[in-house]
Student: 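I am attaching a structure below and will ask some questions about it afterwards.
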Amino acid sequence: MPLVVWICIGLVTVFFAIQLVSFFVIFREDSKPVKKFKEQPRISLLLAARNEEKLIIRSLTAIANLNYPKDKLEVLIGNDDSSDRTAEMVENFIAQHSNFQLINIHENMGKGRGKANVLAHLAHKATGEFYFITDVDVLLPKEWINVLLAQFDSEVGIVSGTTTCQAQSSLFSKMQSIDWLHFMGYIQSFANMGVACTSVGNNMAVRAKAYWQTGGYENIDFSITEDYKLFKEVTRNGWQWRTIFTTDSLGLASHIDTVLEMLHQRKRWLIGARELPLNWKFLIILYGLFTPALLVLAIFNPMLALGIWFTKYAIQSLYIQSLFLLMKLQKPSLWQLFQYDVYVQINTLATAIFYFLPIKSVWKERTYDAKYLE
């Protein structure tokens, strides 16, 4: 067979090896001790909000229902120059919640931009020993604070929970739900092997001391993926990290409505991925090359290519169903997982094309161009 075929076979073999290892280690029990505080520490929950009138009350209601003493929890909401009714709706809600505070933000602080800028401002107002960070579109479970907090022994600086999309009736939302949990599963599998990746910016907590050792977001070089930058800086200063995959840490994000919005989101992630370590860049490239390699192989040996695809589909489906089982969520059917495999291929190709197009990155109705980043 030609050399190109052997290269393709090598690529898919490595891909399978990673999938198999990920499948087995996801079930590995976490033996790390759970921290028990003599007295519950003060917590600051930081929430960035920009043009969120559709979801802000849903978010604030879930936060108000968190199982943590109200006198030990302050909720700081940063209104990021919203042009809709976000600020008004927050003010009406917090009138009944004395531990909530609205902070209107109109200027950039240091290197901070976008969400990173909001968090920079809120951190200066925060009085907690730990900063818990989420997004408006995420519905938090009641035990969220307690579960993440329990991971903070004296050497841990940053902890991340798990997030997936809340599946609705539409096929698009169901595919997003599977895709999110699939990706989060890989993060957890590698975390179980001690391989660092990132924290999840809509479901994370950082020790205040560890945060300020970085200089805060106003002194961290800006990245659209601000969660990875903070993770990188905190761990660079010698702090340990934790990633947990439990039902009590599971945030349910609202799904994206349009394909264009998703492409902008994926472009933002890929821009941030430029700063990932080599091992994660290799995995992303390998993931993107799987289908092209399989197509090349199909030219020379269609039956072998078909067998490889079916094996990949079977392993991937078993892995995803295991993730849903661990999270006590309804497992997707094999038909839905077949649809998901097709969805991933189309999404990967569309994202790659969109990434290289000369289209500016837009998020939350804000364009991240050179002028804004000055």
Side-chain angles (χ1 to χ4, degrees), residues 15-32 134 137-141 143-144 147-148 151 159-168 170-204 227 241-256 262 265-266 269 280 283-284 286-287 290 309-345 347-348:
F15 184 89
F16 283 141
I18 292 172
Q19 278 205 320
L20 284 171
V21 171
S22 298
F23 172 74
F24 286 113
V25 300
I26 194 67
F27 290 102
R28 196 178 77 178
E29 292 186 6
D30 190 356
S31 60
K32 296 183 179 70
T134 187
D137 69 326
V138 176
L139 192 64
L140 298 169
E143 295 299 324
W144 181 62
V147 171
L148 267 63
Q151 299 296 317
V159 174
S160 179
T162 302
T163 304
T164 189
C165 283
Q166 190 173 25
Q168 303 295 331
S170 71
L171 178 63
F172 194 36
S173 73
K174 290 176 181 176
M175 294 300 100
Q176 290 178 53
S177 175
I178 296 172
D179 203 31
W180 266 84
L181 201 60
H182 188 194
F183 175 72
M184 294 297 299
Y186 282 127
I187 291 179
Q188 186 61 49
S189 291
F190 280 92
N192 287 350
M193 292 185 283
V195 180
C197 178
T198 184
S199 279
V200 182
N202 57 23
N203 192 333
M204 62 183 286
D227 46 2
W241 52 275
R242 295 284 187 272
T243 301
I244 55 177
F245 198 83
T246 64
T247 55
D248 286 335
S249 74
L250 180 64
L252 297 175
S254 177
H255 69 277
I256 289 176
M262 170 172 285
Q265 181 193 62
R266 298 303 172 95
W269 289 351
W280 281 99
L283 291 174
I284 292 172
L286 180 65
Y287 194 82
F290 178 83
W309 171 82
F310 182 79
T311 304
K312 176 253 189 184
Y313 164 73
I315 296 173
Q316 176 178 284
S317 297
L318 184 60
Y319 181 62
I320 292 172
Q321 287 191 328
S322 298
L323 298 176
F324 275 80
L325 180 65
L326 288 172
M327 280 298 176
K328 299 179 181 178
L329 297 172
Q330 182 177 355
K331 293 188 299 182
S333 67
L334 291 178
W335 170 241
Q336 288 175 327
L337 290 171
F338 174 78
Q339 292 175 305
Y340 170 69
D341 198 58
V342 175
Y343 165 86
V344 167
Q345 307 311 318
N347 199 343
T348 300

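Please read these numbers as outputs of a predicted model, since none were measured by experiment.
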Student: Measure the spacing between CE of Met327 and OG1 of Thr246 and express it to the nearest 0.5 Å.
Tutor: 6.0 Å
Student: Going by the side chain to side chain contact (heavy atoms under 4.5 Å, CB included) test, name the single residue among Lys174, Gln336, Met175 that passes it with Tyr343.
Tutor: Met175
Student: Of all residues at least two apart in sequence or in a different chain, which pass the salt bridge (Lys or Arg N to Asp or Glu O under 4.0 Å) check with Asp179?
Tutor: Arg266
Student: A side-chain contact here means heavy atoms from C-beta on lying under 4.5 Å apart; do Met184 and Thr164 qualify?
Tutor: no
Student: Would you give the length of the straight line joining atom CD of Gln188 to atom CZ of Phe183, rounded to the nearest 0.5 angstrom?
Tutor: 12.5 Å
Student: Give the minimum heavy-atom separation between Ser199 and Asp227, together with the two atoms involved.
Tutor: O-OD2, 3.3 Å
Student: Quick one: does any side-chain atom of Ser249 pair with a main-chain N or O of Phe245 as donor and acceptor, under 3.5 Å?
Tutor: no
Student: Find the distance between OG1 (Thr311) and CD (Gln316) and round it off to the nearest 0.5 Å.
Tutor: 12.5 Å
Student: Going by the salt bridge (Lys or Arg N to Asp or Glu O under 4.0 Å) test, which pairs reach into residues 188-199, not counting sequence neighbours?
Tutor: none
Student: Any heavy-atom pair between the side chains of Val138 and Asn203 that's under 4.5 Å?
Tutor: no
Student: Provide the full list of salt bridge (Lys or Arg N to Asp or Glu O under 4.0 Å) pairs with a residue in residues 313-330, sequence neighbours left out, each pair given once.
Tutor: none
Student: Using 0.5 Å steps for rounding, measure from the CG atom of Leu318 to the CG atom of Leu323.
Tutor: 9.5 Å
Student: Excluding sequence neighbours, so at least two apart, what forms ring pair (Phe, Tyr, Trp, His ring centres under 6.0 Å) with Phe338?
Tutor: Trp335
Student: Should Ile244 and Leu148 count as side-chain neighbours, where that means a heavy-atom distance under 4.5 Å?
Tutor: yes
Student: Is Ser160 reaching over with its side chain to a backbone N or O of Val200, donor-acceptor style, under 3.5 angstrom?
Tutor: yes
Student: If the plane angle is over 60° it's perpendicular, under 30° parallel, otherwise tilted; pick one for Phe190 and Tyr186.
Tutor: tilted
Student: On a heavy-atom basis, which atom in Ile178 and which in Pro332 lie closest, and how many Å separate them?
Tutor: CD1-CB, 3.8 Å
Student: Please name the pair of heavy atoms, one in Met262 and one in Asn347, separated by the smallest distance, quoted to 0.1 Å.
Tutor: SD-ND2, 3.4 Å
Student: Show the nearest heavy-atom pair for residues Thr163 and Trp180, with the distance to one decimal.
Tutor: O-CE3, 3.5 Å
Student: Partners of Asp341 by salt bridge (Lys or Arg N to Asp or Glu O under 4.0 Å), sequence neighbours excluded?
Tutor: Lys312
Student: Any chance you could measure Gln339, atom CD, to Leu337, atom CG, to the nearest 0.5 Å?
Tutor: 9.0 Å
Student: If only atom types and distance count, is the side chain of Gln151 paired as donor or acceptor with the main-chain N or O of Thr243 below 3.5 Å?
Tutor: no
Student: Does Thr162 use its side chain to pair, donor to acceptor, with the backbone of Leu250 at less than 3.5 Å?
Tutor: no
Student: Distance-only, no hydrogens or angles: does the Ser177 side chain make a donor-acceptor pair with backbone N or O of Ser173 under 3.5 Å?
Tutor: no
Student: For Gln166, what residues pass the side-chain contact (heavy atoms from CB on, under 4.5 Å) criterion, not counting sequence neighbours?
Tutor: Arg58, Leu139, Gln168, Leu252
Student: Any idea which heavy atoms bring Trp241 and Ala191 closest together, and the distance?
Tutor: CZ3-CB, 3.6 Å
Student: Considering non-hydrogen atoms only, spot the tightest contact between Gln321 and Leu334 and give its length.
Tutor: NE2-CD2, 4.3 Å
